[in-house]
Amino acid sequence: GDLEMRLKYCYVDLKLDDMGFLTNPHIEFGLCHRPWLDYEEHINYYRMQGTMFLERNGVFNSADYGITYFAEFGGQLDDEYKKEVNSKYAGKYGSMAVGFYNGGGYHAIEKNKDKTFEGRLSIRPITNIYPGFQITYHGIHGKGNTEDCPDWTVNSIYLILEDKYYTLTYMFYDGKGNFKGNQLDNNGNSLDNTGYSFFSEIKIPEKKISLVGRYDYFKKEATNISDEMKRIIAGVAYHISGKTKALLDYDISTIDSWSDYNESIFKFTVEYHF
């Protein structure tokens, strides 16, 4: 007879004054955004299709109990860029986010006393020539959420090209373990893992159509089994109004060869954006 509801976000957002080069700073405290996924999901706007690369491979999720500091660098890009390309995290020279968290994510009970440090640094190195080019580093250092506290580290580099007609991204990832603490070898040590992901969106604005593609490769360095997950996603989106859109996509993944695939799905999804 009980009805339980899971909270994903429940936080205080404290707005701060600009501090020189650090502009539009604010602090979230509580069950808050972590530095990475909200940033990535405002570049790849197709979370409706499924989770992003690292979340889909169980490395971490989007929210946790903790505190996050956000800031942009040097004010914001002009209104034309924000209207035609992207208005989120639109610092003229980049943006950052850094914080401390329980580590287990928003749907887990904390099983140890260790805290996780996580940060993101995004730079627009040629903002006066091509503001849509960003280089981002994302890192995590902590322990997996078990009583044994296995090591958990994340290091990733993310390259972004954004324009009114396209979005192209490439991520390279190298890490150890995961936030749940269950990527372990037979001796209980965290497994090394690595991978990369490409994403592209080609926009045809006159037709309100986008062509979307993604390729993921994720490898866990197990000693006795082959664990290399590969995934291809391809689809076409119709933009109904604003960010409200419909998406038809095909998602196929495999651990070994494409002829012996692990999963294959056609999906039709509609996202209503208010």
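Note that the structure is predicted; figures quoted are calculated from it, not measured. Excluded from the calculations below are hydrogen atoms, water molecules and symmetry mates; all remaining heavy atoms, backbone and side chain alike, are included. All residue numbers in this chain count up from 1 along the given sequence.
Between the CD1 atom of I27 and the CG atom of L16 there is a distance of 5.0 Å, given to the nearest 0.5 Å. F117 CZ to I140 CD1: the interatomic distance, rounded to the nearest 0.5 Å, is 10.5 Å. In this structure, CD in E41 is found 6.5 Å from OG in S62, a value given to the nearest 0.5 Å. Taking CG from L22 and OH from Y69, the interatomic distance works out to 4.5 Å, rounded to the nearest 0.5 Å. Distance CD1/I232 to OH/Y215: 6.5 Å, rounded to 0.5 Å. Atom-to-atom distance recorded for D174:CG and T194:OG1 is 4.5 Å, nearest 0.5 angstrom.
In this model, a donor atom of one side chain and an acceptor atom of the other lie less than 3.5 Å apart for S197 and D216. Inspection of the Y39 and S122 side chains reveals an N or O donor paired with an N or O acceptor under 3.5 Å. Under the 3.5 Å distance criterion, with hydrogens and angles disregarded, no donor-acceptor pair is assigned to the side chains of E110 and N145. For the 3.5 Å distance criterion, the side chains of H239 and S210 qualify, holding a donor opposite an acceptor. Remark: the N112 side chain and the K143 side chain contain no N/O donor-acceptor pair separated by less than 3.5 Å.
In this structure, I126 places its CD1 atom where more than 12 heavy-atom neighbours from other residues, nucleotides or ligands lie under 6.0 Å away. Remark: K115 NZ is packed, more than 12 non-hydrogen atoms of other residues, nucleotides or ligands lying under 6.0 Å away. In the displayed structure, Y170 atom OH is contacted under 6.0 Å by more than 12 heavy atoms of other residues, nucleotides or ligands. Few gaps surround OH on Y217; more than 12 heavy atoms of other groups in view lie less than 6.0 Å from it. Sparse packing is recorded around NZ of K180, with 12 or fewer heavy atoms of other residues, nucleotides or ligands lying under 6.0 Å away. More than 12 heavy atoms of other shown residues, nucleotides or ligands fall within 6.0 angstrom of atom CD in E263.
Clustering ILVMFWY residues whenever any of their side-chain heavy atoms sit less than 4.5 angstrom apart, transitively, puts F198 in the very cluster that holds L161. The cluster map of Ile, Leu, Val, Met, Phe, Trp and Tyr, joined by side-chain heavy atoms under 4.5 Å apart, puts L77 and I135 in different clusters. Follow the hydrophobic side-chain contacts under 4.5 Å out from I109 and you never reach Y9; the two are in separate clusters. If you chain together hydrophobic residues whose side chains sit under 4.5 Å apart, W36 and Y65 never meet in one group. Cluster membership check: L211 shares its hydrophobic cluster with V270, using side-chain heavy-atom separations under 4.5 Å among Ile, Leu, Val, Met, Phe, Trp and Tyr.
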Distance-only criterion, 3.5 Å: show the donor-acceptor pairs between side-chain atoms of residues 43-59 and protein atoms not counting sequence neighbours.
residue : atom : partner : partner atom : Å
N44     : OD1  : Y46     : N            : 3.0
Y45     : OH   : H42     : O            : 3.4
Y45     : OH   : N86     : OD1          : 3.3
Y46     : OH   : E201    : OE2          : 2.7
Q49     : OE1  : R56     : NH1          : 3.4
Q49     : NE2  : D249    : OD2          : 3.3
Q49     : NE2  : D251    : OD2          : 2.9
R56     : NH1  : D251    : OD2          : 3.4
R56     : NH2  : D251    : OD2          : 2.8
N57     : ND2  : F53     : O            : 2.9

If you look only at distance, which donor and acceptor atoms sit under 3.5 Å apart when one is on a side chain in residues 89-101 and the other is two or more places apart or in another chain?
residue : atom : partner : partner atom : Å
Y89     : OH   : D38     : OD2          : 2.5
S95     : OG   : R120    : NH1          : 3.0
Y101    : OH   : T68     : OG1          : 2.6

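Between the side chain of T23 and the backbone N or O of G75, at least one donor-acceptor pair lies under 3.5 Å. Looking only at distances, a side-chain donor or acceptor of D64 sits under 3.5 Å from a matching main-chain atom of G103. Judged by distance alone, with hydrogens and angles left aside, the side-chain atoms of D18 form no donor-acceptor pair with the main-chain N or O of G20 at under 3.5 Å.
Between E147 and K111 there is no salt bridge, since no side-chain nitrogen of the basic residue lies less than 4.0 Å from a carboxylate oxygen of the acidic one. Checked for salt-bridge contact, D227 and K220 meet the test: a charged N lies under 4.0 Å from a carboxylate O.
Taking the side chain as every heavy atom from C-beta outward, R124 and F133 never approach each other to under 4.5 Å. In this structure, M229 and S253 have side chains that are in contact, with non-hydrogen atoms separated by less than 4.5 Å. The side-chain heavy atoms of F199 and T167, taken from C-beta on, include a pair separated by under 4.5 Å. Counting heavy atoms from C-beta on, the side chains of I157 and Y173 never come closer than 4.5 Å. Here the side chains of C32 and I67 are not in contact, with every heavy-atom distance at 4.5 Å or above. Looking at heavy atoms from C-beta onward, K243 lies out of side-chain contact with Y272 at the 4.5 angstrom threshold. Between Y137 and I123 the shortest side-chain heavy-atom distance does not fall below 4.5 Å. You'll find the side chain of N61 reaches within 4.5 Å of the side chain of Y106, heavy atoms only.
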Side chain to side chain donor-acceptor pair (under 3.5 Å) assessment of N193 paired with Q183: CA-CA 9 Å; N193 44 70; Q183 285 190 1; 2.9 Å; yes
Candidate pair F172 and Y196, rule ring pair (Phe, Tyr, Trp, His ring centres under 6.0 Å), full reasoning: CA-CA 4 Å; F172 174 77; Y196 56 87; 7.7 Å; no
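Smallest separation of non-hydrogen atoms from G144 and W152: N-CB, 3.9 Å. Between D13 and E28, the closest heavy-atom pair is OD1-CG, 4.0 Å. P150 and L184 make their closest contact through CB-CD2, 3.6 Å (heavy atoms, listed as atom of the first residue, atom of the second, distance). In terms of heavy-atom proximity, I240 sits nearest to A246 at CD1-N, 4.2 Å.
Only one option out of D151, D192, T153 pairs with K176 in a side-chain hydrogen bond (donor to acceptor under 3.5 Å, both in side chains); it is D192. With respect to Y250, the ring-ring contact (aromatic ring centres under 6.0 Å, His included) criterion is satisfied by exactly one of Y261, F268, F266: F266.
Taking the ring centroids of H138 and Y158, they lie at or beyond the 6.0 Å cut-off.
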